[in-house]
Amino acid sequence: MKFPTAISCDFLHLSLDSLHPRVKSKIAGTDFSMGEAPAFFVDSLAKGYANGFKSENETRKTATIIGDKTYVIGGADDETSYIEVQIFDRGLGEWVKPTVLGTKPISCKGHSAVLLKDRILILKKGAKPDDHTWFLEVDTPYVRQQQKGLGIQAVAWSKGVIGNAEKPIVISGPSGVGKGTLISMLMKEFPSMFGFSVSHTTRSPRNMEKDGVHYHFTEKSVMEKEIKEGKFLEFANVHGNLYGTSVEAVELVADAGKRCILDIDVQGARSVRASSLEAIFIFVRPPSMKELEKRLRDRGTETEEQILKRLRNAKAEIEQGTSSGIFDHLLYNDNLEECYENLKKLLGLDAKVTAQPQSGPREINLPVDHIVSKIDDKSIINCLSSGLEKESKNLIVLDVSSLNGGAPGRTRGLDFQAIDSFSDGLVGMDQQS
Ligand SMILES: Nc1ncnc2c1ncn2[C@@H]1O[C@H](COP(=O)(O)OP(=O)(O)OP(=O)(O)O)[C@@H](O)[C@H]1O
Ligand SMILES: Nc1nc2c(ncn2[C@@H]2O[C@H](COP(=O)(O)O)[C@@H](O)[C@H]2O)c(=O)[nH]1
């Protein structure tokens, strides 16, 4: 593989002295002695490239050096494919094609790249507010864990979102105990508050089941490939079929401002417990094995062989569910109405609660032309054309000090603030090399 043209060490960086004291004070808590450069470009700034943004038809790549590795990001620009990642290992003197985990950002006209502690912040040029901020994780606990487990060089994408979603709810229990029934009741009573995580499964659909609503019904080979690509938060072989929760299934619910409910087996619950997803874990238990068998038989959706298999598995599941320490709450589903009331109580939904959707995220438009610099936990985005609601506001401060989550899910807790810098006396930017 050929290294893409000459690497220049030129970069734009914020001249701290050029900041007016009032602007400095608005970027609260920032230590201005620590000016730091963003990633440099794969080509020379002399050609007119600015911090990741290049003219049309030019290569749209940035390069970020971390230790003895150079992360070259970008390249594909047809806006139907994904932003690519290549690594040049300077120690070995060769290119490495990493395994890229997580949901990849769609290619764009260009981007800025800023090195944070263990990840690279990517701001996409001309992208919509819900798609302009991404993180390429290079040395986070998730990436390290994946590298160790798979014995590969990995990186992982995570989309940045403003705001913080409420903790998802994981509901487990043996087949036929009533998980689906309880979840349906909750979603019917509070439709704007809860959203269901639609799992993938390799089992065949039942009569009334719709693809994309009850499950994503999937071929085993397709699901196995997607598991290898890191698209699943958890997966397990349950009663002879593969089931799994994709990262996207959970994040789609959170993106809609709803609280996510996962209906998964005990193996899946254990995996989610070990993941970076902070959730509430509820185990539903039946009054007796006899009653469980009756419910499964009365439901009439399984063959005799499947019923017997599910009942055999139920014994082990109940044992693990009630003793493993995975679950925060045990729910006894004897009388359905009573069980539902108890579920609502433990979710803090007593009779007085009125269904309110979670407040939607505050959006900010990034202008197409901008320059990014980094100071401690803050990225300073200097807007060259106005994308902000007021012409006079030409500086955006992105505070990344309170990030949470991350690959394989979203990175939450972004905090954007538009600053009226010209009227506050910001003189300009220095270009240094
Ligand atoms: N408390 C209850 N008393 C009597 N029947 C119940 C009760 N709760 C649920 N049922 C019935 O038991 C059957 C199984 O319930 P449901 O399909 O919700 O179970 P599940 O735990 O979601 O099963 P699976 O894991 O196989 O999807 C359904 O026919 C439902 O109507
Ligand atoms: N680990 C996971 N388990 C899942 C998931 N989706 C459903 N399930 C569990 O499978 C059984 C059987 O479900 P059925 O629809 O075939 O009756 C049940 O216990 C579900 O909780 C998943 O994504 N991951």
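Just follow the structure's listing: the first ligand is 1, and inside any ligand the first atom is 1. Source: prediction; values computed, not measured.
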Note to self: I need the atoms of ligand 2 closer than 4.0 Å to a non-hydrogen atom of Gly268, numbered in the order shown.
What the structure shows: 1 (N)

Margin query: So if I count the atoms of ligand 2 from 1 in the order they appear, which ones are less than 4.0 Å from some heavy atom of Ala236?
Written below: 1 (N)

Next item on the list: For Asn333 and Val177, indicate whether the former's side chain and the latter's backbone hold a donor-acceptor pair under 3.5 Å.
Entry: yes

Margin query: Please compare Met185, Arg295, Arg206 and report which has the shortest non-hydrogen distance to atom 4 (C) of ligand 1.
Written below: Arg295

Check: Mind checking whether Arg285 and Phe327 have side chains closer than 4.5 Å, heavy atoms only?
Finding: no

Checklist line | Chi angles and distances behind the side chain to side chain donor-acceptor pair (under 3.5 Å) call for Thr301, Arg299 | finding: CA-CA 6 Å; Thr301 49; Arg299 190 171 73 179; 2.9 Å; yes

Notebook entry, point to check: For ligand 2, which atoms, with element, lie under 4.0 Å from some heavy atom of Asp263?
Noted result: 4 (C), 5 (C), 6 (N), 7 (C), 8 (N), 20 (C), 21 (O)

Check: Quick one: which ligand 1 atoms are inside 4.0 Å of a heavy atom on Lys179?
Finding: 18 (O), 19 (O), 20 (P), 21 (O), 22 (O), 23 (O), 24 (P), 25 (O)

Next item on the list: Examine ligand 1 and decide if any of its atoms is less than 4.0 Å from a heavy atom belonging to Glu302.
Entry: no

Item checked: Top protein contact for atom 19 (O) of ligand 1, by heavy-atom distance -> Gly178 N, 3.2 Å

Note to self: Quick one: does any side-chain atom of Lys374 pair with a main-chain N or O of Leu115 as donor and acceptor, under 3.5 Å?
What the structure shows: yes

Notebook entry, point to check: Quick one: does Ser175 get an N or O within less than 3.5 Å of an N or O on ligand 2?
Noted result: no

Notebook entry, point to check: Stepwise, does the side chain to side chain donor-acceptor pair (under 3.5 Å) test hold for Glu137 with Ser158?
Noted result: CA-CA 7 Å; Glu137 299 194 4; Ser158 170; 4.5 Å; no

Next item on the list: Could you label the plane-to-plane angle of the His200 and His216 rings as parallel, tilted or perpendicular, counting under 30° as parallel and over 60° as perpendicular?
Entry: tilted

Note to self: Within the structure, is a non-hydrogen atom of Arg310 found at a distance of less than 4.0 Å from ligand 2?
What the structure shows: yes

Notebook entry, point to check: So is Glu317 in contact with ligand 2, going by heavy-atom distances below 4.0 Å?
Noted result: no

Notebook entry, point to check: In ligand 1, which numbered atoms sit nearer than 4.0 Å to a non-hydrogen atom of Pro174?
Noted result: 21 (O)

Next item on the list: For Arg310, counting its heavy atoms only, list the atoms of ligand 1 lying under 4.0 Å from any of them.
Entry: 26 (O)

Margin query: Under 4.0 Å, counting heavy atoms only: does Asp334 come that close to any atom of ligand 1?
Written below: yes

Checklist line | Any Ser184 heavy atom less than 4.0 Å to ligand 1 | finding: no

Item checked: Minimum heavy-atom distance between Gly406 and Thr411, given as atom pair plus value -> CA-OG1, 3.4 Å

Checklist line | Ligand-side contact atoms (ligand 2) for residue partner Arg203, heavy atom cut-off under 4.0 Å | finding: 14 (P), 15 (O), 16 (O)

Note to self: Within the structure provided, determine whether Arg310 and Leu292 are in side-chain contact (heavy-atom separation under 4.5 Å).
What the structure shows: no

Next item on the list: Please determine if Asp328 and Arg273 form a salt bridge, counting it only when a charged side-chain N lies under 4.0 Å from a carboxylate O.
Entry: yes

Check: Heavy atom of Tyr215 under 4.0 Å from ligand 2?
Finding: yes

Item checked: Heavy-atom pair with the smallest gap, counting every atom of Ser172 and Val266 -> OG-N, 3.8 Å

Next item on the list: Please report the shortest heavy-atom distance between Gly173 and Lys179, naming the atom on each side.
Entry: O-NZ, 2.9 Å

Margin query: How close do Phe88 and Gly93 get, counting heavy atoms only, and between which atoms?
Written below: CZ-C, 3.8 Å

Check: Which option out of Thr181, Ile183, Leu336 puts a heavy atom nearest to atom 15 (O) of ligand 1?
Finding: Thr181

Item checked: Glu234 heavy atom under 4.0 Å from ligand 2 -> yes

Margin query: Applying a heavy-atom cut-off of 4.0 Å, say which part of Asp265 lies close to ligand 2: side chain, backbone, both or neither.
Written below: both

Margin query: Among all the protein's non-hydrogen atoms, which is closest to atom 14 (C) of ligand 1, and how far away is it?
Written below: Gly176 O, 3.5 Å

Check: Can you name the side chain to side chain contact (heavy atoms under 4.5 Å, CB included) partners of Gln306, sequence neighbours left out?
Finding: Glu302, Thr303

Next item on the list: State if Val177 counts as touching ligand 1 under the rule of any non-hydrogen atom under 4.0 Å.
Entry: yes

Check: Should we count CD of Glu319 as having more than 12 external heavy atoms under 6.0 Å?
Finding: no

Next item on the list: Would you please determine whether Cys339 falls within less than 4.0 Å of ligand 1 on a heavy-atom basis?
Entry: no

Margin query: side chain to side chain donor-acceptor pair (under 3.5 Å), that's the test. Do Arg90 and Thr70 meet it? Break it down for me.
Written below: CA-CA 7 Å; Arg90 284 174 290 118; Thr70 304; 3.2 Å; yes

Next item on the list: Verify, without hydrogens or angle tests, whether Asp211 (side chain) and Phe217 (backbone) share a donor-acceptor contact under 3.5 angstrom.
Entry: yes

Margin query: Just to confirm my output: which protein heavy-atom neighbour is closest to atom 17 (O) of ligand 1, and how far is it?
Written below: Arg299 NH1, 2.8 Å

Notebook entry, point to check: Any salt bridge between Glu229 and Lys225, counting N to O under 4.0 Å?
Noted result: yes

Note to self: If you measure every N or O of Gly244 against every N or O of ligand 2, does any of those distances drop under 3.5 Å?
What the structure shows: yes

Margin query: Within the 4.0 Å heavy-atom shell around Gly180, which atoms of ligand 1 are there?
Written below: 18 (O), 20 (P), 22 (O)

Next item on the list: Report the C-alpha distance between Lys159 and Glu251 in whole Å, list the side-chain angles of each, state the deciding distance to 0.1 Å, and finish with yes or no for salt bridge (Lys or Arg N to Asp or Glu O under 4.0 Å).
Entry: CA-CA 10 Å; Lys159 185 156 119 176; Glu251 298 297 357; over 6 Å; no

Notebook entry, point to check: Would you say Glu302 has any N or O atom under 3.5 Å from an N or O of ligand 2, going by distance alone?
Noted result: no

Notebook entry, point to check: Quick one: which of Tyr243, Phe235, Phe232 has a heavy atom closest to atom 10 (O) of ligand 2?
Noted result: Tyr243

Margin query: Considering both backbone and side-chain atoms of Thr245, is one of its nitrogen or oxygen atoms within less than 3.5 Å of a nitrogen or oxygen in ligand 2?
Written below: yes

Margin query: At less than 4.0 angstrom from any non-hydrogen atom of Lys179, what atoms of ligand 2 do you find?
Written below: 19 (O), 21 (O)

Note to self: Could you work out, for atom 26 (O) of ligand 1, the closest of Ser175, Ala314, Gly300, Ser172 by heavy-atom distance?
What the structure shows: Ser175

Margin query: Please classify the Arg206 to ligand 2 contact at 4.0 Å (heavy-atom distances, strictly less than): side chain, backbone, both or neither.
Written below: side chain

Check: Which of the listed options, Asn333, Leu296, Val284, Asp263, holds the heavy atom that is closest to atom 1 (N) of ligand 1?
Finding: Asn333

